[in-house]
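Computation of the quantities below employed the complete heavy-atom set of this structure, encompassing side-chain atoms and omitting hydrogens, waters and symmetry-equivalent molecules. To find a chain, count down the sequence lines: A is the first, B the second, and so on, and within it residues start at 1. Keep in mind it's a predicted model, so treat the numbers as computed, not measured.
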There are 2 protein chains.
Amino acid sequence: MTPAAGPRAVVAVDIALCTVRDGALHVLVGQTRTGPFAGWWTLPGGLVRRDETLDDAAARELSAQTGIRDVYLEQLYTFGHPARDPQGRVVSVAYVGLVPPERLDDVRAGDKYAQVAWRPVADLPALAYDHASVVATAVERLRGKVAYTNLVYALLPPAFTLGELQSMYEAVLGRTLDRRNFRKKLLSLGLLKPLGRTRRGPHRPAALYGFRRRRPMVVEIL
Amino acid sequence: MTPAAGPRAVVAVDIALCTVRDGALHVLVGQTRTGPFAGWWTLPGGLVRRDETLDDAAARELSAQTGIRDVYLEQLYTFGHPARDPQGRVVSVAYVGLVPPERLDDVRAGDKYAQVAWRPVADLPALAYDHASVVATAVERLRGKVAYTNLVYALLPPAFTLGELQSMYEAVLGRTLDRRNFRKKLLSLGLLKPLGRTRRGPHRPAALYGFRRRRPMVVEIL
DNA sequence: ACAAAAGTGTTGGATTTACACCCATGA
DNA sequence: TCATGGGTGTAAATCCAACACTTTTGT
């Protein structure tokens with residue numbers, strides 16, 4: 001470990017920013033404006049600066065390229081195949097991000113992108129680099145983690161119905177859950193606080209709930 | 001993501017090579033011979049070469065510095081605080097490695113180290129860089145993962161008794177388990193094959209078992 | 001004989017699953 | 001009135017936790 005002498009590599013971060021929309025997991029992709037992958041879709045990301053942490057770099061790039069700030073971000077995996085970038089050795093530290101639905105439309109394309117778009121993970125366009133693997137790894141991580149953490153709080157608005165909460169789990173897990181058992185379990189965990197308000201619609205009004213604590217905790221949910 | 005232009009960082013790998021000895025988790029550390037941390041204990045690791053994958057780099061450095069080859073290795077987390085190395089920007093991709101006890105004595109110090117030693121994770125010497133965090137993260141990962149995978153196969157010799165298997169779980173998890181329930185559960189999972197031999201000692205001979213499949217699988221164990 | 005670990009079943013409680021009907025609203 | 005989702009309880013099955021005595025060997 002003698003930094004002065006060794007071969008150098010560029011370190012980048014890439015972010016798989018996820019959300020659930022219309023009952024399906026989506027990820028944010030941007031259409032690159034220039035460079036060898038001009039016209040291709042990629043995950044937001046970019047080079048790590050000399051004086052910032054990896055977490056800071058992920059938040060900064062995400063904000064610069066998509067306008068999205070202050071979301072849940074966690075380091076996912078580091079992709080370092082020597083040929084993953086045709087231009088040279090780039091080691092990419094991938095992150096998963098989670099955005100609640102009320103902020104989906106805050107996204108705007110930064111300089112690097114002609115456009116950004118939410119795409120269902122089940123129907124992605126061809127992605128540049130190894131970004132398809134990044135998305136696959138992110139989905140795997142989410143699937144695994146929602147079952148034993150309260151992570152979905154980062155995918156939900158401040159107030160939601162139990163039906164919406166259940167749809168969230170179903171979308172991430174890709175399977176349906178029994179409604180009565182789901183309610184019993186979640187209410188028994190004490191993670192939620194009833195807000196005393198209701199959501200109205202073309203049906204019986206539904207009680208609204210919020211998370212008692214909006215920060216990551218491990219709790220056996222399913 | 002324009003590799004040609006950006007600021008450069010050095011990419012390294014560090015390996016927390018773990019084993020269970022005398023009923024306790026141990027990690028392999030080496031006493032650095034030269035450089036600014038001469039005399040300090042560090043985890044084996046080193047710079048990633050231009051043309052190798054991260055996994056290859058981890059295996060190569062481990063083999064070069066400790067003589068240990070062909071062990072279970074999995075990527076753990078990437079540490080990139082700008083000040084983690086006093087000499088410059090080094091982003092380190094950390095790995096966890098697992099070695100079975102019959103290979104503990106294959107370790108020999110490579111050129112970089114004056115000596116290498118197995119130390120209990122509960123009683124580590126001061127480690128250079130952020131290697132204490134790496135070990136802590138590795139232990140956390142192992143604790144979490146043994147409960148829902150068959151990972152312990154990588155910590156056990158080809159033949160072992162159920163008692164030894166149980167001690168392995170107890171050492172990693174840091175708690176005791178009920179013997180009868182443990183046996184019932186593990187035998188019911190069908191992960192083990194009885195070898196038809198026994199281990200003798202100053203007590204009743206114990207049946208020997210091996211893992212049916214020595215590769216990572218997710219199985220709910222505890 | 002003794003020490004040390006191996007081997008072995010049952011029971012009660014808790015948890016999980018499966019399952020069907022009525023309710024309140026907006027259109 | 002109809003369509004839509006909200007709200008609710010029970011019984012069976014399964015899983016999990018707790019628990020003690022006998023066996024075989026080496027010394």
Ring centre gap for A:Phe211 and A:Phe160 strictly below 6.0 Å: yes

Near-strand residues of residues 158-174 of chain A, defined as heavy-atom separation under 4.0 angstrom from DNA chain D: A:Thr161, A:Gly163

Selection residues 132-149 of chain A - residue pairs positive for side chain to side chain donor-acceptor pair (under 3.5 Å), sequence neighbours left out: A:Glu74-A:Arg141, A:Glu74-A:Lys145

Sequence neighbours excluded, every pair satisfying side chain to side chain donor-acceptor pair (under 3.5 Å) that has a member inside residues 192-204 of chain A: A:Glu164-A:Arg199

Contact letters for nucleotides 18-27 of chain C, in which S counts primed atoms plus P, OP1 and OP2 and B counts the base, heavy atoms under 4.0 Å: BBB--BBBS-

Which atom pairs, donor and acceptor, lie under 3.5 Å between side-chain atoms of residues 60-67 of chain A and protein residues at least two apart or in another chain?
| unit_1 | atom_1 | unit_2 | atom_2 | d |
| --- | --- | --- | --- | --- |
| A:Arg60 | NE | A:Glu52 | OE1 | 2.9 |
| A:Arg60 | NE | A:Glu52 | OE2 | 3.4 |
| A:Arg60 | NH2 | A:Leu47 | O | 3.1 |
| A:Arg60 | NH2 | A:Glu52 | OE2 | 2.6 |
| A:Glu61 | OE1 | A:Gln65 | NE2 | 2.4 |
| A:Gln65 | OE1 | A:Gly45 | N | 3.1 |
| A:Gln65 | NE2 | A:Gly45 | O | 2.6 |
| A:Thr66 | OG1 | A:Leu62 | O | 2.5 |
| A:Thr66 | OG1 | A:Ile68 | N | 3.2 |

Atom pair distance, as rounded to whole Å: [atom1] in [X] and [atom2] in [N]:
X: B:Arg199; N: C:dA4; atom1: CZ; atom2: P; result: 19 Å
X: A:Leu187; N: D:dG6; atom1: CG; atom2: P; result: 13 Å
X: A:Leu208; N: D:dG6; atom1: CG; atom2: P; result: 11 Å
X: B:Lys185; N: D:dT14; atom1: NZ; atom2: P; result: 15 Å
X: A:Leu186; N: C:dT16; atom1: CG; atom2: C1'; result: 14 Å
X: B:Leu177; N: D:dC16; atom1: CG; atom2: P; result: 13 Å
X: A:Arg183; N: C:dT17; atom1: CZ; atom2: C1'; result: 18 Å

SB check A:Arg84 A:Asp14 (cutoff 4.0 Å): yes

Non-hydrogen side-chain atoms of A:Val172 and A:Leu155 separated by less than 4.5 Å: yes

Separation between CD of A:Gln31 and OH of A:Tyr113, rounded to the nearest 0.5 Å: 10.5 Å

N/O donor-acceptor pair under 3.5 Å between A:His26 side chain and A:Ala24 backbone: yes

Any donor-acceptor pair under 3.5 Å from B:Gln166 side chain to B:Leu177 backbone: yes

Five-pair end axes of the helix from C:dA1-D:dT27 to C:dA27-D:dT1 and the angle they enclose, rounded to 10°: 10°

Nearest heavy atoms of A:Glu170 and A:Thr176, plus distance in Å: OE2-CA, 3.5 Å

Exercise: do A:Tyr95 and A:Asp55 side chains pair donor with acceptor under 3.5 Å: yes

